[in-house]
Every structure is written in structure tokens, then in C-alpha cells.
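Working notes, beginning with the structure itself.
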Amino acid sequence: MEQQKTESLNFIEQLIEQDLKEGKFSAIQTRFPPEPNGYLHIGHAKSICLNFGLAEKYKGRCNLRFDDTNPEKEETEYVESIKTDVRWLGYDWGDHEFYASDYFQDLYEMAVRLISKGVAYVDELSAEEFNVLKGTPTEPGKESPYRNRAIQENIDLFDKMKSGVYQNGERVLRAKIDMSSPNMQLRDPILYRIKHMEHHRTGSKWCIYPTYDFAHGQSDSMEQVTHSLCTLEFEVHRPLYEWLLAQLEIYPSKQTEFARLNLSYTIVSKRNLRELVEGGHVLGWDDPRMPTISGIRRRGFTATSIRKFAESVGVARRNGLTDVALLEHAVREDLNKNAPRIFGIMNPVKLIITNWPEEKEEIMKAENNPEDENAGSRALPFTRELYIDSSDFMEDPPSPSKWFRLGPDREVRLKKAYIIKCSGFKKDQEGRILEIYAEYDPATRSGQDTSGKKVKGTLGWVSVPHAVHAEVRLYDRLFLTENLNKISDDFKNHLNPNSLQTNTNVVVEPSVRTASVGNQFQFERIGYFRVDEDSTAERIIFNRTITLKDTWGKKMN
RNA sequence: UGGCCUAUGGUGUAACUGGCAACACGUCUGAUUUUGGUUCAGAAGAGUCUAGGUUCGAGCCCUAGUAGGCCAACCA
């Protein structure tokens, strides 16, 4: 008797399974529709995982469609970065790479059809007049005096718009729906506007460009998208989306909205992220502190962990605030299983094993990952002079029974090597520890310990003559405020001044000499690190992805 | 003086669509551990926004209220 746990479905999956059951179509078709006007961020990752994930799960397809209807903001550079990011997340759109701009001709013809049906017209109101007549959410709008032109006149005017007779803003094509609708989106929305401007793909072929509302739904329809998933703000656009498809009598794609991702201590708004980049608050779109996909990738978050995160966040229709701890947990889980361990010393201090011969060198064997038997092992040279972390030594710990690390007369194990006993130390005038002295117990060699000794503390170490000097960039959250949606002042006031701390004094075991950009490690007892692209042949640079959990440190505060 | 959406432990989601609320993260114990990591065992924590109603029975349905979100770009 096997008990089958029925997997719980989110509301979109329920909808899909219902549709599939009713035989509405043979397979689902989704799409991820970014506007190429900036870099993708963690919020987009949620949408990517949703759309591509659903297609995978239900054996359908997901198109990558660039929503490039506004030549003012869009650039090819962004198209490339978006493709890189989606691929990095592990999704493949095959030959289903589309552009709204590919449909400009079709969309133009659709507009002419609407005009011919008498449900679209050319308006020539000034922007101010336009806004006045539009009304407000609580007051109905008024009809434009140009609303009831003859069809042929509209056709002629639209043709003139297209052929460049008018300047930007002088004419606009509007749908003729209902100026008194309580839904502002239905008050004769703009379908086409004039922009004398080069488009990144169509060049100067067009000087009129469709708006989002006129392009998005029909693009979905032309691609036979079955489920068009978007965020909650577009909810009020749905009636317009459906109106257009119905008027044009084309494939009725269905729009379904879900809540966008909000992350604590994180800003997830393209506009604000751009401001951080342009204002020099971060070093670029791929600054490891940025929640952009390129940023978190450089920081060391893995694609697996992002996908896992997206899955655990789930999808629903209520707006909330997801705890970053969920994201952090996802990376730790992945890296714990997959990142090889090495010794790295953040604040090195010399430890001298006084009963160890000057020239003697012993090779210790260390497995690369206790969580992965296949990860192999490496050789660690052990010598008389070692580096350990200054935070692992305390001359006079405040609560001695809870201090497991080194101190006068205390014993600890040097991991993968010997148990040592501290026999003394040297300080400078300011009281800083310069050197620590200890004696090792030859009977305690790792793996062949015959002493029966038990110690509570285990320290990482690096042989002084073999040490590789490195730079480490310690990243912390970019903002100090948990919920940045709830602030009334400038979000930049909430920046964490200590979001980046550079430590150029780090020392790492010699095995990292073969490491290359993108490699990820766990520095034992410290955290996960990734080799940054700023590394050079002479100098290796590590980004700290995330610390290890630290229950002891937490208790000490 | 509008319309639409939402409301479940601290957080994110679930509850086979009416049968006394589950999972994950987080928190706290304890065990194991040559990472104060991992793993393992366990605990605390909501009676499902409020008030009515329907029903033998409601987190799920109805009504009203409250709270939050979205909508007035020739942005998406």
C-alpha cells in the first residue's frame, strides 16, 4: 500500500489542468515577454521560472518574446543580456525567439481593421486636453470632439500618421470604447502614437508605434499563447485585452495575473535599480549586491538555487513580502551539497608550532566535500608556521566554558591535522596579538589519532610558506529597511553603507592556485565564496556569496 | 466620489473545491559532528481580518464592514 501524496497545485496549475481536461488545446503555450530596456532581476526570475517551468511541466512551450514597442528605451544590449540570463537559469526557447516589432505590419493592419469597423479613431487632442477629458478614477471622462469622424477620414488620417505627415504627439489612434467606464483602461485607450525615432530592430521603417495594450494581446494571439501570465497591475487591462481580441476575431489567448515578487531588504524595480547604477551607488548592473540576475550570478547564487527559490515562493494573487532568508536558504542548501571546501583565513595571525622542526613539511589529506563522496580530496601542506584566524584566539574569553577555540593553555584541533595546545603568545604595545605559540601532539594526527583526546574546537589553518594571498569582497544586504514598499522618503536613504567591505589581507590554502573565475567554494566555518571576474593572474578575488549559518555568533550578540 | 483584486502561525504557500488547519523558511530545545556548518529528533507559534447569515457542519458559500493593493504615462 503506497500512500500517494497528492501534490498541491497553485491556482494557475489548477487552471491549466482544468483547461487540459476540457480539451481546450492539445498543449499549453506560454511566453516570457521582457521589454529590452534594462537588466532582468530576481522578480523576472520568478516569472521566467513560472512560464518556462509550466511549459516544461505540461509538455508545452514557452516563447521568449521581446516586448519592444517603445523605441525610446530599448536597446540591443539588453536583448543580449536577457538571453544570457534566461539561458543561465537553465531554460531553452529553441527557435521560439520573437519580437513584438516583428508584428508591426500585422498590428498596423489590425489597426486599420478596427478603424474600418468604426471602433477606432484618430484623435488630435493636445496632451493636456486629453488628460482633462480622460477624467479620473472617480469621475467619468468625456468624449473627444474628434471621436465621431467618418471611417474614411480616420483611414486617411491614420495613413498620414504612418507616412510621417505629423510630428510626435500631434495625432494618436484611439479605440472607441467607453469614456465613462469606471475602468480607466477602457476610456478610449491609445493604440498607436507617433515617434519619429529609430527602433533597435526596425530602424526608421516606422514612425508610429503600437502601445503595450495594442501589441501585447495580439502578439500573444498570433503566437497562439494559451496562458498569458502577467503581474497584478495588469488586471485592469484584461478587459481591454479581451476587447481587442474579440473585435479582431483572432485567437483568444487568456490573461491571468499573479502577484509580483517582493523581497525583504531588496528593491525590485527596474527604475530604481537603474538609479542605483547611474547614481554610482553600486558598480554596475552586475554588482554582486544588485538583485539583478547578472548581479546575483556574480555574487555566487546558483541557477539551481534561484529555481528552487522561485518554487518555494509559489504563486498566488496576494501581494506580500517574501523573506530574503528563503533565498539565502536556497543557496546554502545547493552550495552545501556542491561547493568544495577549502581553508581560508580572513584575518590571519601567525601560529607557531614550537615543537615542530623548522624545515619539516607534512602533507595532510583533506576530502573536498563531506557531503559528496565523489568530490575527491586534496593535499594540504603542514609546516611549523601557520596562519589561523585572529577571531579564533582569545586571551581572556568572557564566558570560558562556552569558548571552544584557542586561548592560553587551551587545546583545539587544527582540522585535518593535529591537536595543539596553546603555550603562549606575543602582543604589541597596543595589545594586538602578533604571534601565538603552541605545541602539537604527534599522537593526534587526523585519521590516525591514538591519543583518545577530545576537543570541542576545530580550526582552519594555512601553511605560511604555502599561503596564497587573496582579496575578499564581503557583501551584505544593500538596504537596511525590511520593507522598501512602505517607505515615504527616497529609497536611497535606506542604503546600507556597509554593504561592501573589501578585505585585501586574506590568505587561502595553495589548492586555489588552479581555481578560475566562477569557481565556488566553501571556506570552512566561514561561508561560500565565488571567484570574481576581476581576478587577475597575480591576484585572486573572491566574492562572499553568503555566510554559513552561525548559531554561536548569533547567541553571542 | 468610482471600479477591480486580495485577506490563513513572524514570512511564503497548502487544505482533494463545506467535514475541527498542513508544508517550507525562520525561531527555540536536544543528539551527532575533526566546519559552533550539515544531518537527526523534538518544541513553541494561527483556530483562518471583523460581524452577521446559509448548513448537521465553513478557512472554503452569501451579505455588510475593516484593512491592504492596483487603475487617471502618447511606459511596460
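All of these numbers come straight from a predicted model, not from anything done at the bench. In what follows, every chain begins at residue 1, and chains take the letters A, B, ... in the order their sequences are listed.
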Checklist entry - What does A/T211 touch in the nucleic acid at a heavy-atom separation under 4.0 angstrom: a base, only the sugar-phosphate, or nothing? => result sugar-phosphate

Checklist entry - Centres of the A/W206 and A/Y108 rings: under 6.0 Å? => result yes

Item to check | Integer angstrom distance from the P of B/G65 to that of B/C5 | outcome: 15 Å

Checklist outcome for this item: Whichever of A/M184 and A/S312 has the more 5' nearest nucleotide on RNA chain B, that residue is A/S312

Next on the checklist: Testing the 3.5 Å rule here: is there a donor-acceptor pair between the side chains of A/Q14 and A/Q18?
Outcome noted: no

Checklist entry - With a 3.5 Å cut-off and no angle check, do the side chains of A/S451 and A/D441 form a donor-acceptor pair? => result no

Next on the checklist: Any side-chain N or O of A/R271 below 4.0 angstrom from OP1/OP2 of B/A76?
Outcome noted: no

Item to check | Spacing of A/R317 atom CZ relative to B/C70 atom P, expressed in whole Å | outcome: 15 Å

Checklist entry - Looking at A/R193, does any N or O in its side chain come under 4.0 Å of the phosphate oxygens OP1/OP2 on B/A76? => result yes

Checklist entry - In whole Å, what is the span from the CZ atom of A/F234 to the P atom of B/C75? => result 14 Å

Item to check | Pairwise P distance for B/U50 and B/G9, with rounding to whole Å | outcome: 10 Å

Item to check | Nucleotide opposite B/C23 in a Watson-Crick or G-U pair, distances under 3.5 Å | outcome: B/G12

Next on the checklist: Using a heavy-atom cut-off of 4.0 Å across all strands, would you classify A/L125 as base, sugar-phosphate, or nothing?
Outcome noted: base

Next on the checklist: Classify A/S181 by what it touches in the nucleic acid, base, sugar-phosphate, or nothing, heavy-atom distance under 4.0 Å.
Outcome noted: nothing

Checklist entry - Counting only Watson-Crick or G-U wobble pairs whose two distances fall under 3.5 Å, which nucleotide matches B/C4? => result B/G69

Checklist entry - Aromatic ring centroids of A/Y192 and A/F214 under 6.0 Å? => result yes

Item to check | B/C75 phosphate, OP1 or OP2, under 4.0 Å from A/N70 side-chain N/O | outcome: yes

Checklist entry - Phosphate oxygens OP1/OP2 of B/A76: is one of them under 4.0 Å from a side-chain N or O of A/T69? => result yes

Next on the checklist: Checking contacts here: which listed nucleotide (B/A76, B/A14, B/C74) is nearest the side-chain heavy atoms of A/F130?
Outcome noted: B/C74

Checklist entry - Say you pick atom P in B/G59 and the same atom in B/G19; how far apart are they, in whole Å? => result 9 Å

Item to check | Trace of the side chain to side chain donor-acceptor pair (under 3.5 Å) decision for A/Y39 with A/E77 | outcome: CA-CA 9 Å; A/Y39 284 73; A/E77 174 202 348; 2.8 Å; yes

Item to check | Closest contact, heavy atoms only, A/M197 versus A/Y209 | outcome: O-OH, 2.9 Å

Item to check | Who pairs with B/A64 - Watson-Crick or G-U, where each distance is under 3.5 Å | outcome: B/U50

Next on the checklist: Taking B/U48 as the reference, what is the distance to B/C20 when you measure between their P atoms (whole Å, please)?
Outcome noted: 15 Å

Checklist entry - Tell me, for nucleotides 33-47 of chain B in 5' to 3' order, what letter each nucleotide earns: B for a base near a protein heavy atom under 4.0 Å, S for only sugar-phosphate near one, - for neither? => result -BBBBS---------

Checklist entry - Taking the same atom, C1', in B/U1 and in B/C25, what whole-Å distance lies between them? => result 43 Å

Item to check | N-glycosidic conformation, B/U17 - syn within 90 degrees of 0, else anti | outcome: syn

Checklist entry - Are any of the side-chain heavy atoms of A/L173 and A/I115 separated by less than 4.5 Å? => result yes

Next on the checklist: I want to verify the glycosidic state of B/G30; is it syn or anti under the 90° rule?
Outcome noted: anti

Checklist outcome for this item: Separation of B/C25 atom P from A/F309 atom CZ, nearest Å, is 14 Å

Checklist entry - Does any N or O in the side chain of A/N368 come within less than 3.5 Å of the main-chain N or O of A/P340, such that one atom is a donor and the other an acceptor? => result no

Item to check | Gap between atoms NZ and C1', on A/K554 and B/U27 respectively (whole Å) | outcome: 8 Å

Checklist entry - Quick one: A/R65 CZ to B/A76 P, roughly how many Å, whole number? => result 13 Å

Checklist entry - Which one, B/C4, B/C70, B/A14, comes nearest to the side chain of A/E235? => result B/C4

Item to check | A/L191 CG to B/C75 P, straight-line distance once rounded to whole Å | outcome: 13 Å

Checklist entry - Expressed in angstrom and rounded to an integer, what is the separation of A/E72 atom CD from B/C74 atom P? => result 12 Å

Item to check | Identified pairing partner of B/U33, criterion: Watson-Crick or G-U wobble below 3.5 Å | outcome: none

Next on the checklist: Classify A/L321 by what it touches in the nucleic acid, base, sugar-phosphate, or nothing, heavy-atom distance under 4.0 Å.
Outcome noted: sugar-phosphate

Item to check | Donor + acceptor pair across side chains of A/D389, A/S391 (<3.5 Å) | outcome: yes

Checklist entry - Say you pick atom C1' in B/U29 and the same atom in B/A22; how far apart are they, in whole Å? => result 23 Å

Checklist entry - Base, sugar-phosphate alone, or nothing: which one does A/V313 contact when heavy atoms must sit under 4.0 Å apart? => result sugar-phosphate

Next on the checklist: Taking B/G18 as the reference, what is the distance to B/C61 when you measure between their P atoms (whole Å, please)?
Outcome noted: 9 Å

Checklist entry - Taking NE2 from A/H237 and C1' from B/C71, how many angstroms apart are they, rounded to a whole number? => result 7 Å

Next on the checklist: So that I know where these two stand, are A/H216 and A/Y212 an aromatic pair - ring centroids less than 6.0 Å apart?
Outcome noted: yes

Checklist entry - Considering only the C1' atoms, how many Å lie between B/A7 and B/A51, rounded to the nearest integer? => result 16 Å

Next on the checklist: My understanding is that a pair needs two contacts under 3.5 Å, Watson-Crick or G-U wobble. By that rule, which nucleotide pairs with B/C74?
Outcome noted: none

Checklist entry - Which part of the nucleic acid, if any, lies within contact of A/G169, taking any heavy atom under 4.0 Å across all strands shown: a base, the sugar-phosphate backbone alone, or nothing? => result base

Checklist entry - Under 4.0 Å between a side-chain N/O of A/Q185 and OP1 or OP2 of B/A76, yes or no? => result no

